[in-house]
Protein chains: 2
Amino acid sequence: MTDVALDPDRSVGTLYRKVAADLREAITSGSYGEAGRLPAEGALAERYGVSRGTVRQALAVLRADGLVTSRRGTRRVVLGNARVQSFSELLSFTHWARSMGEEPGGRLESLLRRPADAAEREQLRLEPGAEVYVTLRLRTLSGTPVMVERTVYPSWVGELVAQLPADVVSHTEPLREHGILFTDADHTIDVVAANADDARLLGCRRGSPLLRERRRTTDPTGIPVEWSQDRYLPGTVAFSIHNSLASSALSRHAREGD
Amino acid sequence: MTDVALDPDRSVGTLYRKVAADLREAITSGSYGEAGRLPAEGALAERYGVSRGTVRQALAVLRADGLVTSRRGTRRVVLGNARVQSFSELLSFTHWARSMGEEPGGRLESLLRRPADAAEREQLRLEPGAEVYVTLRLRTLSGTPVMVERTVYPSWVGELVAQLPADVVSHTEPLREHGILFTDADHTIDVVAANADDARLLGCRRGSPLLRERRRTTDPTGIPVEWSQDRYLPGTVAFSIHNSLASSALSRHAREGD
DNA sequence: TAGTGGTCTAGACCACCGT
DNA sequence: CGGTGGTCTAGACCACTAG
């Protein structure tokens, strides 16, 4: 068999993404079974009319999403067939909400401009005396409050944010149109007690536990574009991670000591 | 300049890992500055005496760890120079603790064997009537209680766990020597209230918030080997994740009814 | 032993960035 | 425009798995 027709509209333009999308659909539709085996790389290369390298690139995508394993000597095994699509969801509350079929909402509670404190200068790599914009927003899903978002922007970003309507749903989308890209992020997740503002906005008691996500986002050049702290009502959200030893074991594997 | 000497003991045997390790050291030691630029792929290939493909493989490693960005048309930018080892930590409390310079400890509180309930059969893909081993362990860092771990093992794994000493620090290490590998894991992180056992073991009040990590781990063939639920005292740990638009391992999803 | 994925090479063309 | 990273090809050898 040669050259399966690849939907030209599928995903973005590159070949390996098209192959990955096609394989993903085959897997999630159950074509290979729940714990079944994928065809060999060479067979897939022939089927799609591409080189083995391109097939491997496509399979790397599926593996990063936790769809398949890979081991030397054996065909790849299907891990699951109902995984969430990952990626940009995490970088944007709006995208995440919509992908779940929920209607995201946002209301700006306050916005102010002031000099950055030491921690903010550290996180955003600002010079002493630099100013930042600080926003406080209540985020909703289908009208229900779920999260309080405190974001600190460097002034060159904040100036644009300040011009957005108070009820704009997405911040990242209009910023992207101004050439400001959110591409890399560091996240820290822990628990924190609700303060007075949290309690008022979310309708919970002071001191009740909230799931906190702190996030520093940079653009492709490594320049920080936001430092945000989101506090979620328990039960409204959970963070999900997939990881694989094989793919990232490249770190140190010393036998002991460290 | 040609062929920089690569430490033959560095990391594991493959070329790209050696290159990655060498570059990581150069970056973390500040050779390229905080937001500096890396040499071009071609230059690195020449320097190390390898092909450009191998250099790209090495750089993919550093990028997955959040050390560098990459953009078409521009040299790679150094993002940070002091990042913690991220991914594999999630697979093992012991490794994570040691990587932080803390001394991990564990005490087995209870171990029992019983028929799996519906949820456990679902998670571990067991047949009706199958039995599981359930453990309850208190985990400590340098002697201080930080986490309660409830793990469900399929019987073929549990039989081995049951033979381990009650105070063994790591479970995954002795299991690996029996050929049981923990390679892929799905994690879900949220908040939960402490129950009576949690409160007693961790020394907190009933109902006080705990950070919960649920984890299902599989071996390379996709067979589930454990289903675990860890409850951390607030302030003792935070989960840290790095992701970029191009390749991500983290996603967020609505909380389902357990 | 045959088949598989992991690694590596040496080229090629293109899209994009900055000058 | 030249330099860069992103993609893709066509081969090669090896380490490992399984029958």
Side-chain angles (χ1 to χ4, degrees), chain A residues 3 6 11-21 23 32 36-63 68-79 179 181 183-184 219-223 244-250 253, chain B residues 3 6 11-21 23 32 36-63 68-79 179 181 183-184 219-223 244-247:
Chain A
D3 287 40
L6 282 175
S11 191
V12 208
T14 65
L15 244 187
Y16 77 88
R17 281 171 206 258
K18 292 176 187 166
V19 173
L23 285 172
Y32 298 109
R37 302 257 156 137
L38 251 50
E41 294 176 355
L44 290 172
E46 194 182 356
R47 176 195 299 182
Y48 289 113
V50 302
S51 75
R52 188 180 157 218
T54 301
V55 168
R56 283 182 61 79
Q57 220 169 343
L59 289 169
V61 171
L62 302 185
R63 179 199 199 169
V68 298
T69 52
S70 62
R71 232 186 357 156
R72 194 156 22 192
T74 314
R75 290 195 186 165
R76 284 178 169 77
V77 174
V78 174
L79 266 185
L181 303 176
T183 57
D184 286 79
D219 72 5
T221 66
I223 297 173
S244 166
L245 240 191
S247 65
S248 55
L250 6 83
H253 190 278
Chain B
D3 286 40
L6 282 175
S11 191
V12 210
T14 65
L15 245 187
Y16 77 88
R17 283 170 203 239
K18 292 176 186 165
V19 173
L23 285 172
Y32 297 110
R37 302 249 150 141
L38 250 51
E41 294 176 356
L44 290 172
E46 195 181 355
R47 176 197 299 183
Y48 289 112
V50 301
S51 75
R52 191 183 153 212
T54 301
V55 167
R56 283 181 60 78
Q57 220 170 344
L59 289 169
V61 171
L62 302 184
R63 180 194 188 165
V68 299
T69 52
S70 62
R71 231 188 356 158
R72 200 157 17 195
T74 313
R75 291 199 185 160
R76 283 179 169 77
V77 174
V78 174
L79 265 185
L181 302 176
T183 57
D184 287 79
D219 72 4
T221 66
I223 297 173
S244 80
L245 248 187
S247 85

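Quick caveat, the model's predicted, so the values are computed rather than measured. Letters A, B, ... mirror the listed sequences (proteins, then strands); counts begin at 1.
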Is any side-chain N or O of B:R75 closer than 4.0 Å to OP1 or OP2 of D:dT4? yes
Looking across every strand, which nucleic acid part, if any, lies under 4.0 Å from A:R52 by heavy atom: base, sugar-phosphate, or nothing? base
Whole Å only: how far is the CG atom of B:L44 from the C1' atom of D:dG5? 12 Å
Between A:T221 and B:G53, the residue closer to the 5' end of DNA chain C by nearest nucleotide is B:G53
Check this one for me: any side-chain N or O of B:R63 less than 4.0 Å away from OP1 or OP2 of D:dG5? no
When rounded to the nearest 0.5 angstrom, what distance separates CD1 in B:I223 from CG in B:L181? 11.5 Å
Within a strict 4.5 Å, meaning less than it, do heavy atoms of the B:R71 and A:T183 side chains meet? no
Considering heavy-atom distances to DNA chain C, does B:R37 or A:R72 have its closest nucleotide positioned more toward the 5' end? A:R72
Tell me, please, the opening and closing nucleotides of DNA chain C, 5' to 3', among those with an atom under 4.0 angstrom from a non-hydrogen atom of chain A. C:dG3 to C:dT7
May I ask you to test the A:Q57-A:R17 pair for a side-chain heavy-atom distance under 4.5 Å? no
So B:T69 and A:D184, do their side chains get closer than 4.5 Å, heavy atoms only? yes
Considering all heavy atoms of both residues, which atom of B:R37 and which atom of B:Y32 are nearest to each other, and what is their separation? O-CD2, 3.8 Å
Closest heavy-atom pair, A:A20 versus A:L62, reported as atoms and distance to 0.1 Å, is O-CD2, 3.7 Å
Would a 4.5 Å heavy-atom cut-off, applied to side chains only, mark A:R75 and A:L38 as touching? no
B:L44 side chain near B:L23 side chain, heavy-atom distance below 4.5 Å: yes
Taking any heavy-atom pair under 4.0 Å as a contact, classify B:R71: base, sugar-phosphate, or nothing. sugar-phosphate
Only stems of 3 or more consecutive Watson-Crick or G-U pairs count here, both distances under 3.5 Å; name the ones for DNA chain D, or none. C:1-18 with D:1-18
Heavy-atom pair of closest approach, residues B:A58 and B:V19: CB-CG1, 3.7 Å
Of A:T74 and B:R76, whose nearest nucleotide on DNA chain D comes first from the 5' end? B:R76
